[in-house]
Amino acid sequence: MWFIIDDQMADDRRIRRLPLATVGLWVKLCVIHSKGVSMQSKDPSAYPGHFDKLDLKDAGGTMRQLQQLIDAGLMEEHDGGWRPVYAEGICREPRVLTEEQREARRKAGSKGGRRKAANQKAKQTSGDLPENSQANGEQNGSKPSSKLLGDSQAKTWHKTDTDTDIPSPTPPAGKPKQPATPESGFDHFAETYPGSVGAKGRKTEVEARALYAAIAGNPVELTRLQTALRRYKHAVNDGQVRSGHIPRLNTWLRDQWETWAPEPITPTRQHKHTWNCEHVHQLMDPHEDEYDHTGSLREGKPSKWYLACQACADELNDQQETSKEKQ
């Protein structure tokens, strides 16, 4: 995948108003995001689709610079984090090639390679001919070398340009994509970890595999774990964590990964409307005088006012559930 900057970027009014360091941060974050999107096309869990405060810090940026990019319309909030906005006239949104597009490029490349090889062979043939080949050919009654070369090139070009003479090789059938399993997920995670895992089947490796499986059972925790690993790798690459201080994977999963993970998002508790809640009162209080208030809940004879408020609360709860299902 390529992240392409438009050659008119320097003349864009939004870019000219930003400090140079902020523009550089935007380019760096766009590259990081594009790489993550490319990884996401192969493994959806490899990149969450946005970056957070720690990712911003790893890229060398500040919240003030991020706010400048948001105000300029070059960044936007997304799923608790931020992601770049690919503005027209500044850059082009990166595209992930489909499997059909990759296959078409491979075929076009192989055909162009065959044509180039045929032309080079024709040139070598002309260079190997002796200087007096034309004279000898004329004396012996054979065709001159120039005509021989012309015929050979004509035949060669004819064969390379015609699909029927030289059939295109059939690419080998690819192996069907295997479904992701906890074992394959751990193997990929272990390969990405910057430290040692331990020999397969040994105590440290078995413990690391069990700890990973326990975390991966919860999709939310698995996303936090993958983010923690990305941050930890950045810290190791930047020298914040020295290579001699990197623990084995089982120790990191047991004691350290949560210190590198983002804070878990606590889901907001959905409000349940009751006959006496503020939302019902806002709707029903203007009509309170229209209902009789005599009655008793203890005796099982609620007032008409209570029944009307409860009906309003039930209707609000039904509307809330309907909107939740549509989302």
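Bear in mind that the values here come from a model prediction, so they are computed numbers and not experimental data.
When hydrophobic clusters are built by joining Ile, Leu, Val, Met, Phe, Trp and Tyr residues whose side-chain heavy atoms come closer than 4.5 Å, directly or via intermediates, W257 is grouped together with V241. Cluster membership for M63 and F51, using ILVMFWY side-chain heavy atoms within less than 4.5 angstrom, is shared. Both I246 and W260 belong to a common hydrophobic cluster when Ile, Leu, Val, Met, Phe, Trp and Tyr are linked at side-chain heavy-atom distances under 4.5 angstrom. By the criterion of side-chain heavy atoms lying less than 4.5 angstrom apart, applied directly or through intervening Ile, Leu, Val, Met, Phe, Trp or Tyr residues, V85 is not grouped with V27; the two fall into different hydrophobic clusters. No chain of hydrophobic side-chain contacts below 4.5 Å, direct or via other Ile, Leu, Val, Met, Phe, Trp or Tyr residues, connects I215 to V206.
Scored by the side-chain contact (heavy atoms from CB on, under 4.5 Å) test, L211 finds E207, L253, R254 as partners (sequence neighbours excluded). Take Q65 and apply the side-chain contact (heavy atoms from CB on, under 4.5 Å) test, not counting sequence neighbours, and it matches A21, T22, L25, T62, Q68. Remark: R83 engages E76 in a side-chain hydrogen bond (donor to acceptor under 3.5 Å, both in side chains) (not counting sequence neighbours). Remark: P247 pairs with Y193, Y232, T251, W252, Q256 by the side-chain contact (heavy atoms from CB on, under 4.5 Å) rule, at least two apart or across chains. In terms of the side-chain contact (heavy atoms from CB on, under 4.5 Å) criterion, residue partners of L307 (sequence neighbours excluded) are, by chain and number, P302.
The CG atom of D55 sits 6.0 Å away from atom NE2 of H234, with the distance rounded to the nearest 0.5 Å. If you take CG on D71 and CD on Q67, they are separated by 4.5 Å, rounding to the nearest 0.5 Å. Once rounded to the nearest 0.5 Å, the distance linking CZ of R14 with CG of L74 reads 6.0 Å. Rounded to the nearest 0.5 angstrom, E288 CD and C309 SG are separated by 7.5 Å. In this structure, E278 CD and H273 NE2 are separated by 9.5 Å, a value rounded to the nearest 0.5 Å. Atoms CD1 and SG, from I4 and C30 in turn, are 13.0 Å apart once rounded to the nearest 0.5 Å.
For Q282, the CD atom sits in a packed shell: over 12 heavy atoms of surrounding residues, nucleotides or ligands are nearer than 6.0 Å. Around CG of D238, the count of heavy atoms belonging to other residues, nucleotides or ligands within 6.0 Å exceeds 12.
In plain terms, the two heavy atoms of M75 and L29 that are nearest each other are CE-CD1, 3.7 Å. Taking each heavy atom of A59 and I32 in turn, the nearest pair found is CB-CD1, 4.3 Å. The two residues H279 and L316 have their closest heavy-atom pair at CB-CD1, 4.3 Å. Taking each heavy atom of P194 and L229 in turn, the nearest pair found is CD-CD1, 4.1 Å. Of all the heavy atoms in G198 and T204, the pair that sits closest is CA-OG1, 3.8 Å. Closest approach of P262 and R224 over heavy atoms only: O-NE, 2.8 Å.
Put simply, the side chain of L225 reaches to within 4.5 Å of the side chain of Y212, judged on heavy atoms. A 4.5 Å side-chain heavy-atom check between R230 and P48 finds at least one atom pair inside the cut-off. Residues L222 and F189 fail the side-chain proximity criterion, which asks for heavy atoms closer than 4.5 Å.
Side-chain contact check for T274 and N276: no donor-acceptor pair (N or O, by modelled atom type) lies under 3.5 Å. Inspection of the D314 and Q310 side chains reveals an N or O donor paired with an N or O acceptor under 3.5 Å.
Of the possible donor and acceptor atoms, none in the side chain of E77 sits under 3.5 Å from a partner among the backbone N and O of I70. Of the possible donor and acceptor atoms, none in the side chain of R248 sits under 3.5 Å from a partner among the backbone N and O of S196.
In this pair, H33 and Y47 present their aromatic rings perpendicular. The plane angle is above 60°, beyond the 30 to 60° band. Ring geometry, H50 versus H78: the interplanar angle exceeds 60°, so the pair is classed perpendicular (tilted spans 30 to 60°).
For residues 300-309, no residue pair satisfies the side chain to side chain donor-acceptor pair (under 3.5 Å) rule, not counting sequence neighbours.
For D12 and R17, the salt-bridge test fails: no basic side-chain N is under 4.0 Å from an acidic carboxylate O.
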